Q: 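Sharing a structure here in structure tokens format.
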Protein chains: 2
Amino acid sequence: MRLTTKGRYAVTAMLDLALNGTDRPVSLADISGRQDISLSYLEQLFAKLRRNDLVTSVRGPGGGYRLSRAGDEIFVAQIIDAVNETLDATGCGGTADCQQGEVCLTHHLWCDLSDQIHNFLSGISLSDLVEKREVQSVSARQNARRHQSATLALTEI
Amino acid sequence: MRLTTKGRYAVTAMLDLALNGTDRPVSLADISGRQDISLSYLEQLFAKLRRNDLVTSVRGPGGGYRLSRAGDEIFVAQIIDAVNETLDATGCGGTADCQQGEVCLTHHLWCDLSDQIHNFLSGISLSDLVEKREVQSVSARQNARRHQSATLALTEI
DNA sequence: TTTATAGTTGACCAAAACAGTGGGTTATTG
DNA sequence: CAATAACCCACTGTTTTGGTCAACTATAAA
């Protein structure tokens with residue numbers, strides 16, 4: 001279990017999907033614009049999210065990504081695990097021969113710690129996040145700006 | 001809050017200190033031997049641990065490191081924070097202007113997440129870990145091997 | 001007082017991970 | 001057919017990780 005900006009990006013993007021993808025698929029370009037994440041980097045992240053069955057894709061115009069299931073069935077831990085792709089949380093790959101053929105001090109300790117953090121993050125779903133007041137207000141502002149620039153684009157024609 | 005092998009190393013080393021440093025200071029060479037962590041890398045980690053007042057040092061022969069206070073007053077979160085040295089968990093340094101001068105979706109979310117993980121790890125002390133059965137048995141085996149090689153060294157004279 | 005011990009500091013290094021770029025291709029819609 | 005947007009892949013620059021080496025200082029013991 002690693003916690004870096006990579007996982008943060010992935011969770012943000014998935015939360016964006018949960019917020020804006022209720023009726024239609026959401027393109028990575030949209031997410032890139034709203035969340036200020038590079039499009040190509042998003043592509044890499046979503047390739048992993050798709051391989052881990054967290055999202056489904058729709059190609060062609062009007063296409064994009066959808067959550068593969070309801071937001072209350074997708075948990076933060078799953079998202080982070082998907083993009084980090086490290087099944088190996090112990091450093092010795094579960095074989096427990098980390099140190100000269102024997103188990104190290106850290107082995108049990110970190111397994112335990114890792115398990116508990118994992119359990120903690122497994123208890124937070126996308127729906128839980130969507131329901132938070134702060135998230136809603138930020139999302140509202142992002143969409144307001146989006147409409148504003150859409151209007152701007154129209155008046156420019 | 002970052003969780004990597006670096007923090008794992010630090011926690012392991014501190015746990016070694018808690019287990020073996022009850023009567024006398026413990027040298028980094030000892031920890032290096034028992035926990036199979038490079039001596040020079042330990043030096044770097046302990047410089048940070050010392051700057052963060054988690055350990056005190058004793059120079060000269062018979063010297064080494066001690067916990068700066070009782071094991072039940074040192075928590076895993078403090079150790080990890082000390083070696084990672086990132087007060088900045090949000091990516092925007094608390095200024096909350098992560099995205100074009102405004103707060104991003106992740107800001108509140110990740111602050112919250114970070115806080116909760118932090119609280120969780122702040123609840124686990126070195127003493128808690130020392131009391132664990134698995135830790136005790138591994139430590140006992142490590143010390144047995146240590147005595148064995150000490151005996152071996154004696155017979156070699 | 002010398003000597004061995006052990007912390008302290010700093011420069012340096014290779015490999016990996018992170019974050020991003022660019023250039024294609026394939027499928028789908030209009 | 002053209003536009004869209006997913007998909008794929010090779011490549012790049014930066015940071016972090018984990019580690020090495022060398023020189024230096026404080027101190028306890030012989």
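A, B, ... follow the sequence lines: proteins, then strands. Residue 1 opens every chain. The shown structure was predicted, so the numbers you read here are calculated from the model rather than taken from an experiment.
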Q: What pairs of donor and acceptor atoms, side-chain ones from residues 53-64 of chain B against any protein atom, are under 3.5 angstrom apart with sequence neighbours left out?
A:
none

Q: Using atom OH of B:Tyr9 as one end and atom P of D:dT16 as the other, report the distance to the nearest whole Å.
A: 18 Å
Q: Report all interatomic pairs (protein N or O, nucleotide N or O of nucleotides 14-17 of chain C) with separations under 3.5 Å.
A:
unit_1 : atom_1 : unit_2 : atom_2 : d
C:dA17 : O3'    : A:Arg2 : NH1    : 3.2

Q: Using side-chain heavy atoms (C-beta onward) and a distance below 4.5 Å, is A:Arg34 in contact with A:Leu19?
A: no
Q: Can you check whether B:Ser57 has a side-chain N or O nearer than 4.0 Å to OP1 or OP2 of C:dA6?
A: no
Q: Starting from C1' on C:dT9, measure out to CG on B:Leu39 and report it in whole angstrom.
A: 14 Å
Q: Applying a 4.0 Å non-hydrogen cut-off, can you work out what B:Ser40 is touching in the nucleic acid: base, sugar-phosphate, or nothing?
A: base
Q: Between D:dG19, D:dA26, C:dT26, which one does the side chain of B:Gln44 approach most closely?
A: D:dG19
Q: Can you check whether B:Arg59 has a side-chain N or O nearer than 4.0 Å to OP1 or OP2 of D:dC24?
A: no
Q: Using side-chain heavy atoms (C-beta onward) and a distance below 4.5 Å, is A:Asn52 in contact with A:Gln78?
A: no
Q: Please determine, by modelled atom types, if A:Asn119 and A:Ser122 share a side-chain donor-acceptor pair under 3.5 angstrom.
A: no
Q: May I have the distance from A:Gln35 (atom CD) to C:dG20 (atom P), rounded to whole angstrom?
A: 14 Å
Q: B:Leu28 near the nucleic acid: base, sugar-phosphate alone, or nothing, with a heavy-atom cut-off under 4.0 Å?
A: sugar-phosphate
Q: Considering only C:dT28, C:dA6, C:dG20, which nucleotide approaches the side chain of B:Ser27 most closely?
A: C:dA6
Q: For A:Asp72, what residues pass the side-chain hydrogen bond (donor to acceptor under 3.5 Å, both in side chains) criterion, not counting sequence neighbours?
A: none
Q: Using the side-chain heavy atoms of A:Glu43, tell me which of these nucleotides is nearest: C:dC18, D:dC8, C:dG7.
A: D:dC8
Q: Send over the distance from B:Arg24 CZ to C:dA6 P, rounded to a whole Å.
A: 11 Å
Q: Enumerate the residue pairs fulfilling ring-ring contact (aromatic ring centres under 6.0 Å, His included) with a member in residues 13-35 of chain B, sequence neighbours excluded, ordered by first and then second residue.
A: none
Q: Rounded to the nearest Å, what distance is computed from the CZ atom of residue B:Arg51 to the C1' atom of nucleotide C:dG10?
A: 12 Å
Q: Keeping to residues at least two apart or across chains, list the ring-ring contact (aromatic ring centres under 6.0 Å, His included) pairs with something in residues 55-81 of chain B.
A: B:Phe46-B:Tyr65
Q: Whole angstrom is fine here: how far is it from OH in B:Tyr41 over to P in C:dA11?
A: 19 Å
Q: Considering just the side-chain nitrogens and oxygens of B:Arg50, establish if one lies under 4.0 Å of OP1 or OP2 belonging to C:dT9.
A: yes
Q: Round to a whole Å and report the spacing from CG of B:Leu45 to C1' of D:dG19.
A: 11 Å
Q: Between B:Leu67 and B:Glu73, is any pair of side-chain heavy atoms under 4.5 Å apart?
A: no
Q: When B:Val11 is tested against each of B:Asp16, B:Leu121, B:Val76 for side-chain contact (heavy atoms from CB on, under 4.5 Å), which residue passes?
A: B:Val76
Q: Return the value, rounded to whole Å, for the distance between atom CG of A:Leu42 and atom C1' of D:dC7.
A: 14 Å
Q: Let's see if you get this right: which residues in residues 60-69 of chain B place a heavy atom under 4.0 Å from DNA chain D?
A: B:Gly60, B:Pro61
Q: Compare all side-chain heavy atoms of B:Gln35 with those of B:Leu42 and state whether any distance is below 4.5 angstrom.
A: no
